[in-house]
Every structure is written in structure tokens, then in C-alpha cells.
Amino acid sequence: MAVRKRVEEIGKKRPVTVEINGQKYAFEVEPRLLLVHYIREYAGLTGTHIGCDTTNCGACTVLMDFNGKWKAIKSCTMFAVQANGKRIITIEGLAKDGELHPLQKAFWEHHGLQCGYCTPGMILAAAGYLMINPNPTEMEVRHGISGNLCRCTGYQNIVKAILAAAEEIRSSGKPVIE
Ligand code: FES
Ligand code: FES
């Protein structure tokens with residue numbers, strides 16, 4: 001009886017409040033719910049993709065605020081309850097005032113995608129990396145996005161796009177994420 005009570009207690013829904021792209025979302029969710037499912041199914045932001053659910057592909061990458069520092073994280077690798085109180089940026093929140101982010105523009109201009117399935121995660125992983133290394137070499141870009149898989153492009157144009165975006169961001173003098 002005591003064990004059953006304990007199991008019921010562990011499985012009880014918990015309130016999770018998250019700010020995604022500047023908007024507050026608050027839902028009661030099971031503790032086992034992954035953050036990626038919270039983003040897609042509860043917040044309805046389906047630009048964040050799921051390719052594996054096992055931390056391999058990076059399709060679920062989003063940016064999360066850690067004490068004022070944005071970092072790229074794989075949202076299938078975190079429970080929604082662990083994100084309670086956090087700020088998140090998904091691909092839907094990257095464009096500002098109707099203007100694509102330099103990374104989005106560069107992926108467009110350099111044909112950095114084919115089917116597009118990996119693209120949201122790839123762009124957010126690139127944003128996370130450029131915040132660490134704003135002036136990367138080609139090899140460094142390849143290393144920086146090595147946690148993200150693309151099954152179509154062969155990576156060549158993705159790398160070109162990220163290098164072009166890095167240059168544009170540097171010459172604009174603006175931060176990667178404003
Ligand atoms: S869905 Fe998260 S790493 Fe593949
Ligand atoms: S563009 Fe298809 S998986 Fe990358």
C-alpha cells in the first residue's frame with residue numbers, strides 16, 4: 001500500500017511555467033514529460049523537431065537562459081519540470097520585427113537545407129556556438145555543430161551558411177541573440 005502511494009505521488013502532475021519566445025506558458029504535466037514534448041504538444045510550437053529522443057540528432061535543440069546566458073540545449077534531454085522558471089527561444093522566436101535572423105537568412109541564401117527537418121535545431125545549435133566562438137574557422141564550425149545530424153545536405157552548405165552568418169553578425173556589431 002505504501003509503495004503504491006509512493007508511486008502515485010511520484011507520478012502526480014506538477015505545475016511547469018516557462019517563458020518561450022517572450023510568452024509565458026503554464027501547464028500541469030507529468031514529471032516524466034520531456035521538455036521537447038512540452039514545447040511541441042503543450043505550447044504548440046512544432047518548429048522544434050524530434051529525430052531520435054535519445055540525445056543523438058539535435059533536431060530538438062533550443063536556446064535556454066542560464067543566469068542571463070543563452071545556451072543551446074537538446075530539449076529531449078531534459079524533463080519539462082527541470083525547465084520550470086526558465087526562458088527558452090525556439091526557431092519560432094528567432095526572427096525579430098518581421099526580419100529573419102542572420103543565421104536564417106544565410107541558410108536561405110547558401111542553400112543550407114534540403115528537407116529542412118534538421119534545420120531548426122541546426123540553426124539554434126549554430127546560434128549557441130557563435131555565442132561561444134563568434135569568429136570560427138570552418139573546422140571549428142564543423143566541430144560546433146557535431147551534435148546535430150543532417151541526413152540530406154552533406155553539411156557543406158550548412159557550414160558555408162554558418163560562416164557567412166558569423167561574418168554578418170560580427171560586422172553588424174550586434175549580439176547573436178538580442
Ligand atoms: S530528438 Fe533530441 S537529440 Fe534527437
Ligand atoms: S536538410 Fe534534411 S536532415 Fe538536414
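Remember, predicted model here, so these are calculated numbers, not experimental data.
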### Flag, side chain of Asn21 to backbone of Thr90, donor-acceptor distance under 3.5 Å
yes

### Task
Could you tell me whether the side chain of Glu168 and the main chain of Ala165 form a donor-acceptor pair under 3.5 Å?
no

Residues forming a side chain to side chain donor-acceptor pair (under 3.5 Å) with [X], sequence neighbours excluded:
X: Gln104; value: none
X: Thr77; value: Thr55
X: Glu30; value: Arg32
X: Gln156; value: Arg142

Does the side chain of [X] reach to within under 4.5 Å of the side chain of [Y], using non-hydrogen atoms?
X: His37; Y: Asp53; value: yes
X: Ser75; Y: Thr48; value: yes
X: Met122; Y: Tyr155; value: yes
X: Met131; Y: Leu63; value: yes

Heavy-atom pair of closest approach, residues [X] and [Y]:
X: Thr61; Y: Ala72; answer: CG2-CB, 3.9 Å
X: Gly58; Y: Asn148; answer: O-ND2, 3.1 Å
X: Val141; Y: Pro136; answer: CG2-CG, 3.6 Å
X: Pro31; Y: Arg14; answer: CG-NH1, 3.8 Å
X: Cys52; Y: Cys57; answer: SG-N, 3.4 Å
X: Gly47; Y: Glu92; answer: N-OE2, 2.8 Å

#### Entry: Residue pairs passing the ring pair (Phe, Tyr, Trp, His ring centres under 6.0 Å) test where at least one lies in residues 113-146, sequence neighbours excluded
His49-Tyr117

### Task
May I ask you to check whether over 12 heavy atoms, not counting those of Gln82, lie within 6.0 Å of atom CD?
yes

Going by the rule salt bridge (Lys or Arg N to Asp or Glu O under 4.0 Å), which residues pair with [X] if we only count those two or more places apart in sequence or in a different chain?
X: Arg87; answer: Asp65
X: Lys96; answer: none
X: Glu99; answer: Lys105

#### Entry: Remaining members of the apolar cluster that contains Leu35, side-chain heavy atoms under 4.5 Å
Val16, Val18, Ile20, Tyr25, Phe27, Val29, Leu33, Leu34, Val36, Tyr38, Ile39, Tyr42, Leu45, Ile50, Val62, Met64, Phe66, Ile73, Met78, Phe79, Val81, Ile88

### CZ on Phe107 to OG1 on Thr119, rounded to 0.5 Å
6.5 Å

### Query
Nearest 0.5 Å, what's the CG-CD1 distance between Leu124 and Ile177?
7.5 Å

### Summary
Applying side chain to side chain contact (heavy atoms under 4.5 Å, CB included) to Thr46 and not counting sequence neighbours gives Arg40

### Partner set under side chain to side chain contact (heavy atoms under 4.5 Å, CB included) for Gln114, not counting sequence neighbours
Cys152, Thr153

List the atom pairs, with distances to 0.1 Å, where a side-chain N or O of residues 157-164 and a protein N or O form a donor-acceptor pair under 3.5 Å, not counting sequence neighbours.
unit_1	atom_1	unit_2	atom_2	d
Asn157	ND2	His110	O	3.4
Asn157	ND2	His111	O	3.3

